[in-house]
Amino acid sequence: MTTLAYAVRDSRTMLRRNLKHMLRYPSLTIMLIAQPVLFLLLFVYVFGGTMGAGLPGGGGRDAYLGYVAPAILVITVSSVALSIAIYAAKDATEGIIDRFRTMPIARSSVLTGLVAAAVVQTAFAVTVVLGLALALGYRPDAGVPGWLGAIGILTLLAIALTWLCVALGLAAGSVETASNTPMFLMIMPFLSSAFVPTDSMSTGLAWVAEHQPFTPVIDTLRAFLDGRDPGSDAVWAIGWCLLVTVLCFAWSRRLFSKVRAG
Amino acid sequence: MNLTTPAIEVAALRKAYGDQVVLDGLDLTVPAGTVYALLGPNGAGKTTTVNICSTLLAPDAGTVAVAGHDVRTRSDAVRRSIGLTGQFSAIDELLTGRENLRLMADLAHLSRPDARARVDEQLARFGLTEAADRRAATYSGGMKRRLDLAMTLVSRPQVIFLDEPTTGLDPRSRRDLWQIVRELVADGVTILLTTQYLEEADQLAHTVGLLDGGRLVAEGTPAELKAQSGGETLDDVFLALTGHAAEVVR
Ligand SMILES: Nc1ncnc2c1ncn2[C@@H]1O[C@H](COP(=O)(O)OP(=O)(O)OP(=O)(O)O)[C@@H](O)[C@H]1O
Ligand SMILES: [Mg+2]
């Protein structure tokens with residue numbers, strides 16, 4: 001087998017290891033999903049009537065469900081990514097990493113296996129949350145290209161945020177710190193177009209919201225699911241995701257080469 | 001590796017942490033197929049030596065070759081030849097004992113049937129068959145230690161490093177481990193072990209090295225060292241040769 005074939009095989013082995021960890025910690029997975037589910041219920045049933053009336057073109061609770069559901073899917077991706085920082089920190093601080101380091105395996109497989117497991121877990125979580133939104137009456141207008149676009153942008157976002165959280169987890173030095181440092185990912189969507197259109201915000205805040213990465217990602221997903229063309233938002237969204245992925249991939253690899261347990 | 005190449009060859013090895021010099025020109029040779037016991041008090045640099053030989057730590061100066069390969073320039077070749085059971089537990093506690101061993105077999109690229117057979121063999125050998133499908137987190141300290149050792153052996157390494165392998169084992173498990181070490185050596189494996197139990201070195205080692213002040217202060221067969229110092233036990237030897245007692249944990 002070639003080096004690449006071995007690297008792929010080792011990554012698959014590590015993927016299985018991480019999926020087993022996730023299955024052994026169902027409470028963590030349930031918590032990850034509970035958070036976006038609570039947001040969905042809160043924003044639709046508590047705020048939804050009023051917020052819907054404020055949308056351009058007006059509307060009620062149903063219109064607001066259509067507006068907020070894509071944002072909740074993006075928050076689901078963040079929520080899963082947060083937990084990956086914990087797994088990365090756990091791996092980096094426990095003795096097993098030293099065992100891996102004395103084995104003739106592809107170094108990167110430890111990290112790529114974790115990121116692959118995160119993508120699987122994200123797909124599961126997004127499916128559950130989307131299922132609930134549909135049950136509440138969410139009716140996306142997307143055709144096949146729209147759904148493919150939605151899956152594509154969610155996958156890119158999952159990969160970007162997971163690499164970011166892997167790096168934060170490795171940099172944390174303890175599981176405790178790792179569960180705190182990525183929290184900003186849960187706050188950023190509130191300062192984006194997730195819950196209200198940015199032009200309804202105060203001027204300064206609107207500027208921030210329009211220039212931070214969550215806004216083009218959420219707008220792109222919203223356009224895909226509404227069956228519209230996302231236009232230049234898609235370029236920004238993809239660009240942000242690729243930029244974060246590349247930077248955090250490089251940062252993670254550097255941190256990982258310095259990791260030593262014990 | 002041909003038969004005359006030593007399994008481990010360390011020359012003029014130096015390692016310091018900041019101002020603290022831990023290894024100060026260590027020379028050490030372990031012929032293939034033998035057991036070498038590295039003895040020394042707490043902080044003597046035993047773990048540091050093992051970590052450098054097993055590619056975990058880079059040396060500051062000197063050369064280290066394991067199975068004929070330089071640890072710095074051919075670390076992948078070294079890793080293909082070695083197994084390490086470190087001083088501290090290196091198991092995945094969220095996985096079961098069987099899954100831990102299977103992980104090692106998969107990372108060693110064994111075929112599926114070979115992996116399954118090898119895992120069952122190790123479980124039986126280390127008395128873990130009954131606990132095989134329990135999470136390792138539920139194992140006792142001694143069981144975790146045995147699993148750790150079993151994981152090291154899955155890939156059939158030619159050179160094995162055991163850093164205080166019997167610390168925390170009860171007398172019976174310790175004797176079982178000694179038996180396993182003897183079997184491995186009978187199969188041609190080379191073992192470098194560190195220990196604070198002088199009896200362990202006496203029981204297992206072809207050669208004993210006393211590490212003190214960053215270098216070997218004495219080296220020889222257990223019998224030679226006893227003759228040289230006029231002491232009966234290796235405790236006496238340590239006192240006679242270093243001028244201070246070994247901090248032995250009995
Ligand atoms: N990462 C590190 N940073 C600074 N000093 C270190 C580090 N690792 C080890 N040391 C120091 O190096 C010395 C040798 O440590 P080492 O762990 O090799 O000793 P040892 O012989 O294995 O001791 P023990 O019997 O306690 O296991 C000790 O004084 C220790 O404090
Ligand atoms: Mg030690």
**Student:** Calculate, to the nearest 0.5 Å, the distance between atoms CG and CE belonging to Leu103(B) and Met103(A) respectively.
**Tutor:** 7.0 Å
**Student:** Check this for me: Phe100(A), atom CZ, are more than 12 non-hydrogen atoms of other residues, nucleotides or ligands nearer than 6.0 Å?
**Tutor:**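 Count over threshold, so yes.
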**Student:** Test side chain to side chain contact (heavy atoms under 4.5 Å, CB included) on Phe88(B) and Asp98(A); report intermediate values, then the result.
**Tutor:** CA-CA 10 Å; Phe88(B) 305 102; Asp98(A) 276 350; over 6 Å; no
**Student:** Quick one: closest heavy-atom pair of Arg24(A) and Leu94(B), and the distance?
**Tutor:**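 That closest heavy-atom pairing would be NH1-O, 2.9 Å.
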**Student:** Show the nearest heavy-atom pair for residues Gly95(A) and Ala90(B), with the distance to one decimal.
**Tutor:**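 Nearest heavy atoms, Gly95(A) then Ala90(B): O-CB, 3.5 Å.
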**Student:** Is the shortest side-chain heavy-atom distance between Ile91(B) and Glu94(A) below 4.5 Å?
**Tutor:** no
**Student:** Taking every heavy-atom pair that is under 4.5 Å apart, which of Val78(B), Leu95(B), Asn100(B), Thr47(B) has the most such pairs with chain A?
**Tutor:** Leu95(B)
**Student:** Non-hydrogen atoms of chain A under 4.5 Å away: do they reach the side chain of Thr152(B), the backbone, both or neither?
**Tutor:**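 Backbone plus side chain of Thr152(B), per the 4.5 Å heavy-atom cut-off to chain A.
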**Student:** Say you draw a straight line from CZ of Arg101(A) to CG of Asn51(B); how long is it, rounded to the nearest 0.5 Å?
**Tutor:** 9.0 Å
**Student:** Would you say Arg17(A) and Asp106(B) make side-chain contact, with heavy atoms under 4.5 Å?
**Tutor:**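 No, too far: nothing below the 4.5 Å cut-off.
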**Student:** Would Arg79(B) and Ile105(A) count as a side chain to side chain contact (heavy atoms under 4.5 Å, CB included) if you check the C-alpha gap in whole Å, the side-chain angles of each, and the deciding distance to 0.1 Å?
**Tutor:** CA-CA 9 Å; Arg79(B) 289 183 187 134; Ile105(A) 57 172; over 6 Å; no
**Student:** Within this structure, what is the CZ-NZ distance for the pair Arg135(B) and Lys20(A), rounded to the nearest 0.5 Å?
**Tutor:**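 Rounded to the nearest 0.5 Å, the CZ-NZ separation comes to 12.5 Å.
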**Student:** Go through the steps to decide whether Arg9(A) and Leu107(B) satisfy the test side chain to side chain contact (heavy atoms under 4.5 Å, CB included), and finish with yes or no.
**Tutor:** CA-CA 8 Å; Arg9(A) 183 172 171 179; Leu107(B) 291 175; over 6 Å; no
**Student:** Under a 3.5 Å threshold, yes or no: a donor from one side chain and an acceptor from the other, between Thr85(B) and Arg99(A)?
**Tutor:** no
**Student:** Contact part of Arg16(A) toward chain B, heavy-atom cut-off under 4.5 Å: side chain, backbone, both or neither?
**Tutor:** side chain
**Student:** So which residue, Gln87(B), Arg80(B), Glu99(B), ends up with the most heavy-atom pairs under 4.5 Å with chain A?
**Tutor:** Glu99(B)
**Student:** Which answer fits Ser54(B), side chain, backbone, both or neither, if we ask what part of it has an atom under 4.5 Å from a heavy atom of chain A?
**Tutor:**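 Both parts, backbone and side chain.
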